[in-house]
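As C-alpha cells, the structure follows; a few thoughts come after it.
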There are 2 protein chains.
Amino acid sequence: MTADIRADHRPASPPLTERQEARRRRILNASAQLAARGGFDAVQMREVAEAAGVALGTLYRYFPSKIHLLVATMQDQLQHMHTTLRKRPPAGADPAERVAETLMRAFRALQREPQLADAMVRALTFADRGVSPEVDTVSRLTTAIILDAMGTDHPTPQQLSAVRVIEHTWHSALITWLSGRASIAQVKIDIETVCRLIDLTSPEGATRR
Amino acid sequence: MTADIRADHRPASPPLTERQEARRRRILNASAQLAARGGFDAVQMREVAEAAGVALGTLYRYFPSKIHLLVATMQDQLQHMHTTLRKRPPAGADPAERVAETLMRAFRALQREPQLADAMVRALTFADRGVSPEVDTVSRLTTAIILDAMGTDHPTPQQLSAVRVIEHTWHSALITWLSGRASIAQVKIDIETVCRLIDLTSPEGATRR
DNA sequence: CGCTAATCTAGAACAAGTTACAGACTTGAT
DNA sequence: ATCAAGTCTGTAACTTGTTCTAGATTAGCG
C-alpha cells in the first residue's frame, strides 16, 4: 500500500519528513532551472531526476507526471510572485487600473524568463482531468492575486465573474504571446480591455474615462 | 527539393492532385473519428495512418506533427460550423446577445462530441511557434464567426479588442470545461459576462477613450 | 512511349514519458 | 535494538511521437 506524496500544501496527507521536503524542493528547483534554460521540451524527466539527485521512480512518486511537475513548479513561482506583489501593492486609482497594473507587472516578470513561462503555461493548459486539483490550486492563487489588486473584500457574484473572465484572458493572452502570435503590446491591450469589465460591475457602473 | 503539402486552403503552393486531395481528406476524417472516440490520446499517428490507408511517412508529409494534424482537423470542423451558422443567424436584439448566442450554439455542438473537442482544443493551446500559421488561421476563422454574429461591417479598433478578449475567454473557458474544472453553466456565465464588453464599445455604450 | 523527379510504402530506428521491479535504505513502533 | 512497512535507487522495458531509409509507384514532360 503506497501513500501518495502530496504536492499540495493545503491538505496534509502524510507530513513529509525533512529529507522528503528537501527532495521535493530539489526537484522543483531542478525543474525550474531546466525550464528556464530550454522551455517545456528541456524539462526531461530523466534530467530533472539527475539534476535533483533522485531516482527516476522517486521523481514519479513525488510528481506523477511531467505535467504535474510543471504545474507544481508554477504553483511555486506564483507563490513567490504573490508575496512579492503584496510588498508593493499597485497604486492605481480604481480597481480596474490596479488589476491591469498588477497583471502587467506579473507579465513583465514572466518576460524575464520566457522559457520558464512557456513550460509552465503550456503545462497548465495541456493538463487533463487527472491534474485538475493542482490546476485548481493555481487558479485559486491567481484569483487571490487579482482580488488583492482590486482591493475588494467581499466581491459580488458579478465581480467574481469578471475576475474569472480576466483570468481566462490572462492565460490565453499569455499563450498567444508565448507562441509568438501576439506582441507584448497586444497583450497589454488585451489586459486593459478585459479589465474594463471591472468598471461594469463596480458600484455606479459604466462611466470611466 | 521537396515541396510542402499545404495544410491551408488559402495560399496554394502546389495544387494537390485528385488522389492527394483524397488522401488528405481520408487523413482528416480518420483523425476526427479517432478523436471523437477517445480524445487527444486516441489520435495516435500510426492508427491515423492505418485508418486512412496511408503510410506513416506520408501522414507526416501531409501533417508534420500530431499537433498540426489536430489543428487542421479543427480548421476543418470550424469551417463546417461557420457555414452552418451562416444558414441560421442568431436572432438576438443587440450584438452582445447575438455573439453570446452564437458561441453557446457552438458550445452545444462541441458538447455533442466532447472527446473531439478535447483533442482539438488541447492541440490548439499546446501548439508552439512551429504551428503558428495554422493556429492563426483557426483564430481568424473564429474572429470571422464572431464578427458575423455582431453584424458589424467595419469594426472599430475597440471592437476588435473586445473580440480578441472574447476569443481568449472562449478558448480558456472551453479548456476549464473540458478538464472538468467548470460546469456548462459556468461557461455560459463566462461567455455572457465577456460579451458585455461589446456593449462598452458600441456607439451609445458607456464611454470611450 | 520513356525518362526523371517527386511521392508513396513498409519497416526499422530513435527519443522521451511512463511503468515495473529487485534489492538497499529509512522510519517508526514495539 | 529489532522488525515490518514504507521509500529510494538503479535499471530495463514499454509506448507513442518522430525520423530515416531503400525500394516501388506516380506524375508531368519531352
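Note on naming: letters A, B, ... go to the chains in the order of the sequence lines (proteins, then strands), and numbering restarts at 1 for each one.
- Between the side chains of Ser139(A) and Glu167(A), a donor-acceptor pair is found at a separation under 3.5 Å.
- Atom pair Glu47(B):CD and dT15(D):P shows a separation of 13 Å (rounding to whole Å applied).
- In summary, Arg25(A) and Glu21(A) do not engage in a salt bridge, as defined by a charged side-chain N under 4.0 Å from a carboxylate O.
- Map Thr17(B) and Pro64(B) each onto its nearest nucleotide of DNA chain D; the residue landing nearer the 5' end is Pro64(B).
- Note: CG (Leu34(B)) to C1' (dT16(D)) measures 14 Å, nearest angstrom.
- Atom CZ in Arg23(A) sits roughly 14 Å away from atom P in dC25(C) (whole-Å rounding).
- One interatomic measurement links the two molecules: CD of Glu18(B) to P of dG28(D), which rounds to 11 Å at whole-angstrom precision.
- Not one side-chain nitrogen or oxygen of Gln20(B) sits closer than 4.0 Å to the OP1 or OP2 atom of dA27(D).
- Checking dT9(C), dG17(D), dA13(D) against every side-chain atom of Arg46(A), the shortest atom distance belongs to dA13(D).
- Atom C1' of nucleotide dC8(C) and atom CZ of Phe63(B) are separated by 16 Å, given to the nearest angstrom.
- Within 4.0 Å of Val43(A), counting heavy atoms only, lie sugar-phosphate atoms of the nucleic acid but no base atom.
- What separates NE2 of His68(A) from P of dT19(C) is a distance of 11 Å, to the nearest Å.
- Closest approach to the Arg19(A) side chain among dT27(C), dC8(D), dG17(D) is made by dT27(C) (side chain taken as heavy atoms from C-beta onward).
- Residues from residues 49-60 of chain B lying near DNA chain C, meaning a heavy-atom separation below 4.0 Å, are Gly53(B), Val54(B), Ala55(B), Thr58(B) in numerical order.
- One finds no salt bridge joining Arg46(B) and Glu50(B) here, because no Lys/Arg side-chain nitrogen approaches an Asp/Glu carboxylate oxygen to under 4.0 Å.
- Nearest nucleotide to the side chain of Arg61(B), out of dT26(D), dC8(C), dA16(C): dC8(C).
- Atom CG in Asp41(A) sits roughly 10 Å away from atom C1' in dA16(C) (whole-Å rounding).
- Between dC8(D), dA16(C), dC8(C), one nucleotide has an atom nearer to the side chain of Tyr62(A) than all others, and that is dC8(D).
- Side-chain atoms of Ser132(A) and Ser179(B) include no donor-acceptor pair closer than 3.5 Å.
- Across all non-hydrogen atoms, the minimal contact from Ile191(B) to Ala100(B) is CG2-CA, 4.0 Å.
- The residues Glu192(B) and Arg196(B) are annotated as not salt-bridged, no charged nitrogen and carboxylate oxygen being separated by less than 4.0 angstrom.
- With respect to the salt-bridge test (charged N to carboxylate O, under 4.0 angstrom), the residues Asp41(A) and Arg122(A) do not qualify.
- If you take CE of Met45(A) and P of dA13(D), they are 21 Å apart, rounded to a whole angstrom.
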